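Just below is one structure, and these are the notes that go with it.
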Amino acid sequence: MRIAEISSPDIGSVHDETEPQERLLSQIEASVKQLETHPAYKSSPAKTAVDLRQCLTQLSPHAPFSNSLKLQIWKLSYRLWNVCVDISNTATARSSSSSAELRHIAADLLSLAGDVAGVPSSAIKTVSFYYKTGSLWHSLKKFDLASICFERATDLVSKIDRGSIIDAGERKLVLDLHLARCRTAWEGGSDSNLAIALLNRCKGLLFGSCEHHVELAKQCMAFGKCLLSKKGNKAGHNSNFTDLSEALKLMNEAMEICEKGLGVARTREEKMELKGLRWKVLRFIAAIHLQMEEFESVIKCVKVLRDGGGGGGDGGGDGHPSLSVLAMKAWLGLGRHGEAEKELRGMVIDEGIPESVWVSAVEAYFHAAGTAGAETAKGVFLGLLGRCKVSAGAAVRVAHRVVGNGGGGGEGSKVRAKVVAELVSDERVVALFAGQDAAKDKVAMHTVLWNCAAANFQSKDYETSAELFEKSMLYIPNDSENKILRAKGFRVLCLCHLGLLQLDRAQEYINEAEKLEPNIACAFLKFKICLQKNDHQGAITQIEAMSTCLDFKPDFLSLSAHEAVACHAVPVVVASLSRMLNFYASGRSMPTAEVTVVRTLISVLSQVPDNEQQVYKFLKHAHTRASELDPDCFFGKEEVGRRERNWFALTSWNFGTKTGQNKNYKLSAEFLILASDFYALVEGADHETNVLVCKSLVLAASSMIASEFQGKTAMCEAEVKQAVQLLDRAGKMVKSISAGNFVNDDQINTIEPDLFFIYTFCAYDTQGRLNDIGSQLLTVKSFASSKACKPHHLLQIGLSAAQGPRSNHEVATFALNECLSSFLSSPNPEYQNVALVIRKLIAIASINKGDTDDDVVYGMYKQAYRIMVGLKEEEYPIEEGKWLAMTAWNRAAVPVRLGQIEVGKKWMTVGLDIAKRVPGMEAYKSCMEDLLSSLEIKL
């Protein structure tokens, strides 16, 4: 009997008692009617749902109702439900939630009405409404509302005597309700223990039905699968193990339910379905044991499955593709790689195994076996190519798994790379990537090989790297769109063969790259090849070629210089850095400061013997650029700039002294002048710096003078003026430094005496060139009065003034007399020098005074005699003594001839006195005495 066929009692007779209920029911009916007749309400039922829920809330306190009202409520509920069905058939995603709310209201109306006389199984019908509504809420992920529906339905079922439920559909509804409640508790985020407890209650609702056993077993298996999938997402070993243990319990429950189901199964189809489900559960049990690393249990499960001879509908048993994978992984876990390899190779002949399965198996095998399994992985893959259609993606996965993380530099890495190289170069594998469909996989394979090759290159395994880069070229389309990528491949192959010193091969590859994409990288690699071949001129040519490339950057010149330094190719370093310097004058933005480039260039040139002229060229360039740009701009500011200035100044000084020691006086002068110029650029120069500048100026002038004597070519007027200027600058500094430090006081000397002497000597020389005789004497007297003056300094000045090309007898006389006084005042006079000075003074006096006025000369002889008195034998140089004695004696000859007997006697007497002090003149003394006696008789 249908609800519409039940007659309603006369409502009018009880109108006064049911007026509120009638009014609310009328409102409900009006809302339902609007949904039935107006499309606008159907398309947007949310407001109607709110109105109906409000009416229902107001109606609830009036329960219980009369049977007639109950029947009216049931009719309204069914009408509302049917409208919901219509709405669902045409509903959009936006209105589906409102439709679920309307269904929920319909179910609540039935629940509010309760049992109705004349309606069979009214409670079951209400349960059905709640079950369907809860299922809809569940599908919308509104688990709290779904749970409310299932709980109300469960309350209704609990009040029904299960023995009275005999209809198969109603029994199925009761089981489905409990299973749905389990799923909502599980997926809704509530305690999983509740879901499992609810699942256990379902065991009492099977009603001896095979179908019920299948449903419950599937639900247990579903929960177990869910826990199994969560295993990899949880952190911590304990939580993982707990999930696996719970999953195993659920799978065992499912297995037990299947066994019981077989006991109640009647038809062959039912038994086949349960067996198939049982085998599937057993496979999951094996998978759980595998996750729990209980490998022996896995092997047992696989053996049972294979011995079972199949399980029907789902293809279980021996033929299922997962069994080989499970067995292989279990054998690997037990360390029995031989059995694992048998399982893996067995997949090759099993055409029923999907590609994804055996690729996964290959990956798992190789992951466990490592390098030792590389050959097996390759063999299995190539074997599969012969019996089934293999995708390019599978080849990529296998190659990626075998190469692992690419490099590492170990022997295992080389073995892996070799296996992959053989695999990807097989014609059958290459053929997999033909066609546009495999374009993405082709790119992926190229990436795998390229990354592996790059990793080996970084670990300097150039041989392996070259092989992999070469194989990666197989996976670059040979078209115009990919020519840049091909050129890149040729360039890296060139680098690999450079690392292997296979220069001809490297040259071939870079030539191919240049054909495809001529650029700076190609020119630079050609440069590297020339360096390796010691072809310096070729390398310099390539530097010029690099500068003409469209993508040229100055960084490549810096890089070229570094490469050339590593190869000790000095000409190439110079060419690189010299060309780099050309860009600074243009104002171009450069990667390195100009001063750094110049300093590096000078440092490199300094290491090459006999290269001083080149060093001077770039030192001069640095000074010129510093003058043009401003020292702070060129050298840098503050401490950095100060250090740079000092470096260039000190380098110039060192080369100046070095070339001076090597008697290259002209270049030495240029270096020293440059050193003084660099020191002059140092801001806030201290005393030590001023001394160095003074030294540089003095030694530069000295080198210019020495160069004249060396080349036997007189200095030109300009050179003389330059020397004078240098000495004028030095003279001012000497006076400044001396006034504050040492020359005329007792402070410690800060200018070496030798330097002061050199300055004096050079100043005397240049003053002589300018015929400034007076200044010469003043300069020497000033030096003689200083504490820096030493006797040997005066001796050298005196000798030069006496016998140089521009002699000055006044300077010579003064210097030698001062020198003689200093020698004689010494505690231990050097009589060799004393004798030399006396001889020179006699010679100067003789030349400039003449023989007619020889008192000065006679005084020198008498001084020599007085010096010799009291000396030990031979303390005064014998030869000098003889010379004095003989020259004094001989000076008497002219006066005697002229009748000047007294004058002659005077010279003969001093000659004899000196001879008496000189050993070895005994015979001369006897003659002298006789002659002197005869002269006295004559007088």
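Fair warning: this is a prediction, and the values are worked out from it, not measured in the lab. Along the sequence shown, residues are numbered consecutively beginning with 1.
- In this structure, Phe556 has its ring center at least 6.0 angstrom away from the ring center of Phe527.
- Cation-pi contact between Lys781 and Phe814: present, with separation from the ring centre below 6.0 Å and deviation from the ring axis of at most 45°.
- Two residues are said to be in side-chain contact when any heavy atoms from C-beta on lie closer than 4.5 Å; Thr909 and Asp913 meet this criterion.
- Note that the OG atom of Ser578 and the CG atom of Leu557 stand 10.5 Å from one another [nearest 0.5 Å].
- Considering CG of Leu816 and CE of Met860, their distance stands at 9.0 Å, rounded to 0.5 Å.
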Discussion item. For a side-chain contact (heavy atoms from CB on, under 4.5 Å) check, start with the C-alpha distance between Asp765 and Arg806, then their side-chain angles and the critical distance, and finish with the verdict.
Written reply: CA-CA 8 Å; Asp765 183 273; Arg806 289 170 291 276; 3.9 Å; yes
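- In this structure, Phe756 and Phe783 have perpendicular ring planes: the angle between them is above 60°, well past the 30° mark.
- Between the side chain of Ser782 and the main chain of Thr779, no donor-acceptor pair closer than 3.5 Å is present.
- Within the 4.5 Å cutoff, the side chain of Trp883 has heavy atoms near those of the Ile842 side chain.
- Without hydrogens or angle criteria, Ser807 side chain to Gln803 main chain gives no donor-acceptor distance under 3.5 Å.
- Remark: side-chain polar atoms of Glu719 are paired, donor with acceptor, to backbone N or O of Cys716 under 3.5 angstrom.
- Using the six-membered ring where Trp is involved, His621 and Phe618 have ring planes that are perpendicular, over 60° apart on the 30 and 60° scheme.
- In this structure, Ser696 contributes its side chain and Ile673 its backbone to no donor-acceptor pair below 3.5 Å.
- Aromatic ring centres of Trp653 and Phe678: separated by at least 6.0 Å.
- No donor-acceptor distance shorter than 3.5 angstrom exists from the side chain of Asn662 to the backbone of Asn664, with no hydrogens or angles considered.
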Item to complete: Determine, stepwise, if the pair Lys925 / Glu929 fulfils salt bridge (charged side-chain N to carboxylate O under 4.0 Å, His left out).
Response: CA-CA 6 Å; Lys925 286 189 292 182; Glu929 288 173 349; over 6 Å; no
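- Ion pairing between a basic and an acidic side chain is recognised when a charged N comes within 4.0 Å of a carboxylate O; Arg625 and Glu628 show such pairing.
- In this structure a side-chain-to-backbone donor-acceptor pair under 3.5 Å is present from Ser547 to Ile543.
- In this structure, Thr813 contributes its side chain and His809 its backbone to a donor-acceptor pair below 3.5 Å.
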Discussion item. I'd like to know whether Lys906 forms a salt bridge (charged side-chain N to carboxylate O under 4.0 Å, His left out) with Glu902, so could you lay out the CA-CA distance, the side-chain angles of the two residues, the decisive distance to 0.1 Å, and finally the verdict.
Written reply: CA-CA 6 Å; Lys906 178 179 67 172; Glu902 286 294 333; over 6 Å; no
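- Note that CG of Leu727 is 10.5 Å distant from CD of Gln722, once rounded to the nearest 0.5 Å.
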